[in-house]
There are 2 protein chains.
Amino acid sequence: MKISDAEWEVMRIVWNKEPRTAAEVIQELSEPQGWNHRTIRTMLGRLVEKGALDYQVAGHKYLYSAAIEQEACVRVRSESFLSKVFGGDTSALVAHFVEDADLSPDQIKTLRRLLSSKKRSK
Amino acid sequence: MKISDAEWEVMRIVWNKEPRTAAEVIQELSEPQGWNHRTIRTMLGRLVEKGALDYQVAGHKYLYSAAIEQEACVRVRSESFLSKVFGGDTSALVAHFVEDADLSPDQIKTLRRLLSSKKRSK
DNA sequence: CCGAAACTGCTACAAACGTAATCAATTTAC
DNA sequence: GTAAATTGATTACGTTTGTAGCAGTTTCGG
C-alpha cells in the first residue's frame with residue numbers, strides 16, 4: 001500500500017494521537033498546510049479505502065485510528081529513500097544528515113553512544 | 001522541479017557517469033527495473049522537458065547529461081523526507097538508520113569522528 | 001422547532017506518473 | 001541495397017494525486 005506525501009501528513013497526525021475525529025485532523029493540518037477541509041476529508045477517505053486508517057462510528061462522526069503501524073511505514077519508506085537517494089549506502093546517508101543538521105551536544109552524545117554500542121554488538 | 005521515483009533512477013545513472021546515450025541508460029536500467037526501453041526513453045524525454053537533463057546531438061543520437069546537480073537534488077529530497085517521515089527530527093532519523101544498518105567498524109569510526117567534529121564546531 | 005453548520009459519501013477534474021505503442025527518419029547488418 | 005533494428009517525437013491510456021464541490025443527513029444554537 002502506497003501512502004502519498006500529502007496522505008503521510010494525515011497519518012502523522014493520527015499516529016501522534018489516536019483516535020482522531022476529522023475535525024481534529026483538519027484543525028491540525030488546514031492552517032499549516034493551507035489545505036481546504038474538503039481536501040483533508042478526501043484524504044481521510046482514501047486512507048480508509050487503502051486500509052491505512054480504520055474508523056469507529058461515534059454518533060454521527062467517525063473516530064479515525066491507524067490501521068498500520070507507524071514503525072513499519074517508516075521502515076518501508078526509509079528503505080526506499082535509502083536505496084533511491086543514497087544508493088543503499090547508509091553511511092553516506094547518515095553523514096549527509098549529520099553534516100546538515102543542527103544537533104545539540106546531547107543529541108550528538110547519544111548518537112555517538114549508539115554507534116559505539118553498534119560496534120560492540122558485532 | 002519534481003523528479004518522480006522512476007525518473008530518479010534514470011538521473012542516478014546519468015549522474016554516475018556523464019554523458020550517456022539512451023542506449024546506455026537503457027542497458028543499465030531495463031534489466032534490473034524490468035522496464036521496457038520505451039518507458040526509459042519516455043523518462044529521458046520528460047527529464048529533458050523538466051530541465052533535469054540536457055543533451056547534445058551526436059549524429060543521430062543524443063548524449064544526455066545532468067542539468068541539475070545531484071548534491072542539490074539529494075538535499076531537497078532529503079529535507080522533505082526528514083520532515084515528512086521523521087517530523088524534522090534529524091537525530092531520530094539518524095538513530096533509525098544506524099540501528100537498522102549493517103555498518104563496518106570503519107564506517108562507525110568515521111561517523112563517530114564526524115559527530116565529534118560537529119560538537120567541536122559549535 | 002428551525003435554520004445553519006458540520007458530517008460523511010459521491011463526484012469532478014486536471015496534472016503527474018507509469019508504462020508503453022506508433023511513426024517517421026535513419027542507420028546498420030547482411 | 002534492402003530489410004531489420006534503432007532513435008527520437010508524438011500519442012495513448014489507466015491510475016494516482018492534489019484539490020476540491022455538491023448532496024443528503026444530522027446535529028446544535030437559539
Side-chain angles (χ1 to χ4, degrees), chain A residues 1-14 19-65 67 73 76-77 80-81 83-84, chain B residues 1-14 19-65 67-68 73 76-77 80-81 83-85:
Chain A
M1 165 209 337
K2 176 136 181 346
I3 294 169
S4 81
D5 280 4
E7 287 164 359
W8 191 271
E9 295 295 335
V10 173
M11 290 306 293
R12 291 206 345 116
I13 300 298
V14 177
R20 296 275 201 168
T21 63
E24 283 170 329
V25 177
I26 288 165
Q27 187 155 35
E28 300 245 9
L29 285 178
S30 64
E31 278 297 309
Q33 303 285 335
W35 288 339
N36 188 291
H37 73 107
R38 298 180 190 291
T39 301
I40 298 170
R41 283 177 204 288
T42 297
M43 290 192 289
L44 285 168
R46 286 184 185 166
L47 285 166
V48 169
E49 257 178 50
K50 288 187 181 183
L53 289 179
D54 274 337
Y55 64 88
Q56 292 175 297
V57 179
H60 177 50
K61 302 178 188 180
Y62 283 3
L63 279 177
Y64 295 93
S65 45
C73 291
V76 166
R77 238 185 129 103
S80 134
F81 172 75
S83 82
K84 197 163 307 293
Chain B
M1 166 208 339
K2 177 136 180 349
I3 294 169
S4 80
D5 280 4
E7 288 164 358
W8 191 271
E9 296 295 335
V10 173
M11 290 306 293
R12 287 200 356 111
I13 299 299
V14 177
R20 297 276 203 168
T21 63
E24 285 171 330
V25 177
I26 288 165
Q27 187 156 33
E28 299 245 9
L29 285 178
S30 65
E31 278 295 310
Q33 302 285 334
W35 287 342
N36 187 291
H37 73 106
R38 301 181 186 291
T39 301
I40 297 172
R41 285 177 202 286
T42 297
M43 289 193 289
L44 285 168
R46 285 185 184 165
L47 285 166
V48 169
E49 256 179 50
K50 287 187 180 183
L53 289 180
D54 275 337
Y55 64 87
Q56 291 175 295
V57 178
H60 178 51
K61 303 177 188 180
Y62 283 5
L63 280 176
Y64 295 93
S65 46
I68 53 183
C73 291
V76 167
R77 236 185 131 102
S80 135
F81 172 75
S83 82
K84 199 162 307 292
V85 179

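Every chain is numbered from 1, with letters handed out A, B, ... down the list of sequences.
- Between A/E24 and A/I13, every side-chain heavy-atom pair lies at or beyond the 4.5 Å cut-off.
- The span of DNA chain D lying next to chain A, judged by atoms under 4.0 Å from heavy atoms, is bounded 5' to 3' by D/dT17 to D/dT27.
- Residues B/G51 and B/I68 approach most closely at O-CG2, 3.9 Å, considering heavy atoms.
- The NZ atom of B/K2 sits 7.0 Å away from atom NZ of B/K50, with the distance rounded to the nearest 0.5 Å.
- The salt bridge (charged side-chain N to carboxylate O under 4.0 Å, His left out) test applied to A/K61 returns no partner, not counting sequence neighbours.
- Contacts with DNA chain D (heavy atom under 4.0 Å) in residues 1-9 of chain A: A/K2, A/S4, A/D5, A/A6, listed by number.
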(request) Show the numbers, then the answer: is there a side-chain contact (heavy atoms from CB on, under 4.5 Å) between A/E9 and A/M43? (result) CA-CA 10 Å; A/E9 295 295 335; A/M43 290 192 289; over 6 Å; no
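- Between the CG atom of A/L44 and the C1' atom of C/dA6 there is a distance of 14 Å, rounded to whole Å.
- For the helix from C/dC1-D/dG30 to C/dC30-D/dG1, the terminal axes (five pairs an end, C1' atoms, rotation from four pairs onto the next four) enclose an angle of 10°, given to 10 degrees.
- Within a 6.0 Å radius of CD in B/Q27, other residues, nucleotides and ligands contribute 12 heavy atoms or fewer.
- Atom C1' of nucleotide C/dT8 and atom CG of A/D54 are separated by 17 Å, given to the nearest angstrom.
- Annotation: side chain of B/Y64 is not in contact with side chain of B/T21 (no heavy-atom distance under 4.5 Å).
- Of the candidates B/D54, B/L53, B/L63, B/V14, B/P19 forms a side chain to side chain contact (heavy atoms under 4.5 Å, CB included) with just one, namely B/L63.
- With rounding to the nearest 0.5 Å, the separation of CZ in B/R12 from CG in B/L29 is 9.5 Å.
- Across every non-hydrogen atom of B/M1 and B/A52, the tightest pair is SD-CB, 3.7 Å.
- The stretch residues 20-29 of chain A comes close to DNA chain C through A/A22, A/A23, each having a heavy atom under 4.0 Å from the strand.
- Atom CG of B/L47 is separated from atom OG1 of B/T42 by 10.5 Å, given to the nearest 0.5 angstrom.
- Rounded to the nearest 0.5 Å, atoms CD (A/E7) and CD1 (A/I40) are 12.5 Å apart.
- Straight-line distance from the CD atom of B/E49 to the C1' atom of C/dA16: 11 Å, rounded to whole Å.
- One distance of note links CZ of A/F81 with CG of B/D5; it measures 11.0 Å at 0.5 Å rounding.
- Distance check: B/I26 CD1 to B/R38 CZ gives 9.5 Å after rounding to the nearest 0.5 Å.
- A pairwise comparison of heavy atoms in A/A6 and A/W35 identifies O-CH2, 3.5 Å as the closest pair.
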(request) Mark up nucleotides 20-30 of chain C, 5' to 3', with B wherever a protein heavy atom is under 4.0 angstrom from a base atom, S wherever such an atom reaches only the sugar-phosphate, and - elsewhere. (result) BBB---SS---
